[in-house]
Amino acid sequence: MELAFVGQKFILVGIIFLISLVVAMYSTYAERKVAAFFQDRVGPNRAGPFGILQPLADGAKMFMKEEIIPTRANPFLFIVGPSLAILTACIGTAVIPWGQKMTIGSTVVDLQVTDINVGVLYLFGVVSLGVYGVMIGGWASNNKYSLLGAIRAASQNISYEVAMGLSIIALLMITGTLSLREITEQQHGFWKDGYFSWNFFKQPLGFLLFIVCAFAETNRTPFDLPECETELVGGYHTEYSSMKLGFYLFAEYINMFVSSAVMSTLYFGGYNYPGMDYVNEQLGNTWGPLVGVAVLFGKIIFFIFFFMWVRWTIPRFRYDQLMDLGWKILIPLAIANIVLTGLVSTFLR
Amino acid sequence: MPILKKGQRYFCNYKMSLFYFIAFLSILFALLVIFSKNPVHSVLYLILTFFTFTIHYVLLNAQFLAIVNFIVYMGAIMVLFLFVLMLLNLNNDSEPVKTNLVKFAAIIGGCCLLLTVAASLKVASPSIPVVLANPNLGLVKGLGKVLFTQFLLPFEISSLLLFTAMVGAVLLATKDKTNA
């Protein structure tokens, strides 16, 4: 029994890991296609039909390139940097509930690796750990541009973590739990007690703050100042080549996948969708939850597309504008949101 | 030592060896913080030390403390430390010269610490470091209830203390600007 449980979790972890890698791989392809669409170009179309083998070709290229470690760099930390970046990107998926409990034969499979009762805080911890990969890599390169990129990454992440934490607090005041499974179950279906059950409709401002902070934490445009090529050559990864550079770029796409999953789970009902009870009744306990998983992935893909949409639409912030936005606009708004949430939940119930 | 059932004792032994291994790592990394020449390496070892503390909390089933230690110390304070050290870019030339007064003060401080450790060892009694009297003590619900009922006053006062520090930091920062 115990061994079966461990085996089940092991398989689940393997599948989730594989899916995050595949999604990240095809995000690079999607990014180029989306960019091409926005700029009225064709995009990659040489490798395979519609260029769908392009990520494989890119990966092979990354592995084949010469690996360079600068002479004055710290060789150990130079390797630790990208490894940490990809590690912290991958561990966030552990607490996300991917679907309802599923019955295969006689066993009930929980489509969540672990339901710790501090799930939201765990995600927050992983996010705050994410900056180390960039900082350590940037410092170990022993290059001024890399160091500036690393310092920018650190200050940006710390500033936006505050606003992100405050926006989550308002959400937690409504849910009353830190477990992601319970938060998702509270958003069951779409309509409950005369109001929308998804948290987005209860916390619109909180969601807006959260998504802005998610952009900043994943270093995506308009907040990609740590790798601002017009000012810093390549930012923190200036000195990197071959697959170590690949890891940094790849970590960004995995982060995008994880933060999209978190946004769908916290604010957009996760695997819940309108009329899910009816579908579950029709399809039974094996295929019904899988529809929920497909719905969750639909939401995730929409958010990944949104990340790309913003990247190819909005120009980059200037550094002082970035700090002003974080400290003078987002944090006061987040605090106001907490006060408002407190007042509403006290006087309306 | 409380009397334990056989299965529990087995579990305890297994947890105990894990505890001793993690405790060894904590002390090793803490020593490396002091002995590494490069300040950035020191901070990185300090991060590892805090990480081992997080594991200690998890062993005690104090999930909330574990994760808060993780977020606040590893994720925020240490990033700031690293940030400042990277900005300063310290090396051997910029190391301040230690005067005899500083060395003398350090010796006295070290002796005081030794005295405290010796005194506390004398009264310490052996305990099981991996079993709590109340296993739900460290979970969010238990901690929240205790903080907002029994320890409300100290909790609020400590928040006031943090607030004062914040206001002080802002005041210091803006003072410089008006003078310049």
Side-chain angles (χ1 to χ4, degrees), chain A residues 74 76-77 80-81 84 88 91 95 114-144 146-162 164-165 168 172 176-179 182 217 236 327 331, chain B residues 7 11 36-48 50-51 53-55 57-58 61-91 135-136 138-145 162-163 166 169-170 173-174:
Chain A
N74 184 324
F76 178 67
L77 290 180
V80 166
L84 255 183
T88 50
I91 55 178
V95 290
T114 171
D115 185 23
I116 47 176
N117 70 4
V118 286
V120 176
L121 291 178
Y122 169 84
L123 279 175
F124 200 64
V126 171
V127 166
S128 61
L129 211 58
V131 69
Y132 281 119
V134 173
M135 278 186 91
I136 290 174
W139 182 78
S141 305
N142 203 359
N143 174 321
K144 286 191 177 62
S146 304
L147 184 67
L148 280 173
I151 286 171
R152 278 184 174 189
S155 49
Q156 174 181 326
N157 277 45
I158 291 178
S159 310
Y160 280 80
E161 248 165 49
V162 179
M164 186 182 238
I168 291 181
L172 295 180
T177 174
L178 289 166
S179 147
E182 282 176 39
E217 296 288 334
Y236 59 89
W327 289 101
I331 292 179
Chain B
F11 189 59
S36 46
K37 290 270 181 211
N38 190 325
V40 172
H41 290 181
S42 283
V43 172
L44 292 178
Y45 283 124
L46 195 56
I47 293 165
L48 284 176
F50 282 129
F51 186 65
F53 290 173
T54 304
I55 303 175
Y57 286 130
V58 171
N61 200 23
Q63 293 184 357
F64 183 72
L65 276 181
I67 211 78
V68 165
N69 183 56
F70 194 80
I71 295 171
V72 174
Y73 283 92
M74 282 181 71
I77 295 181
M78 284 299 112
V79 172
L80 279 177
F81 266 52
L82 208 57
F83 177 71
V84 172
L85 280 176
M86 282 179 177
L87 268 182
L88 292 176
N89 200 14
L90 296 172
N91 47 35
N136 292 330
L139 302 184
V140 188
K141 235 169 220 162
L143 203 71
K145 270 186 187 142
L162 289 173
F163 184 64
M166 208 161 75
V170 171
T174 49

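By convention in this document, chain letters (A, B, ...) are assigned in the order of the sequence lines, proteins followed by strands, and residues within each chain are numbered from 1. It should be emphasised that the depicted structure is a prediction, and the values quoted were computed from it without experimental measurement. Only heavy atoms go into these numbers, but all of them, side chains included; no hydrogens, no water, no symmetry mates.
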- Item | Spacing of CD1 belonging to B/Ile47 relative to CD1 belonging to A/Ile136, to within rounding of 0.5 Å |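 Here the interatomic distance stands at 6.0 Å.
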Under 4.5 Å heavy-atom distance to chain A, tell me which part of [X] shows up: side chain, backbone, both or neither.
| X | answer |
| --- | --- |
| B/Leu44 | side chain |
| B/Val40 | side chain |
| B/Ile67 | side chain |

- Task: Answer yes or no: are there more than 12 heavy-atom neighbours, outside B/Phe51 itself, under 6.0 Å from its atom CZ?
- Result: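 No, the 6.0 Å shell around CZ holds no more than 12 heavy atoms from other groups.
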- Message: Other residues, nucleotides and ligands only: do more than 12 of their heavy atoms fall within 6.0 Å of CZ on B/Phe50?
- Response: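 Enclosed.
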For [X], which atoms come within 4.5 Å of any heavy atom of chain B: side chain, backbone, both, or neither?
| X | result |
| --- | --- |
| A/Ser155 | both |
| A/Asn74 | side chain |
| A/Val126 | backbone |

- Message: Which heavy atom of A/Ala154 sits nearest to which heavy atom of B/Val79, and what is that distance?
- Response: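 Looking at all heavy atoms of both residues, the shortest contact is CB-CG1, 4.1 Å.
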- Exercise: identify the closest heavy-atom pair between A/Ser128 and B/Gly75: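 So the two residues come closest at OG-CA, 3.6 Å.
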- Message: Quick one, B/Met78 and A/Tyr132 - any side-chain contact, counting heavy atoms below 4.5 Å?
- Response: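 Yes - at least one pair of side-chain heavy atoms lies under 4.5 Å apart.
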- Pairs of heavy atoms under 4.5 Å with chain B: top-ranked of A/Leu148, A/Leu121, A/Leu129: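 Max contact count across the listed options: A/Leu121.
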- Query: Yes or no on side-chain contact (heavy atoms from CB on, under 4.5 Å) for A/Glu161 and B/Ile71, after CA distance, side-chain angles and deciding distance?
  - Reply: CA-CA 10 Å; A/Glu161 248 165 49; B/Ile71 295 171; 5.6 Å; no
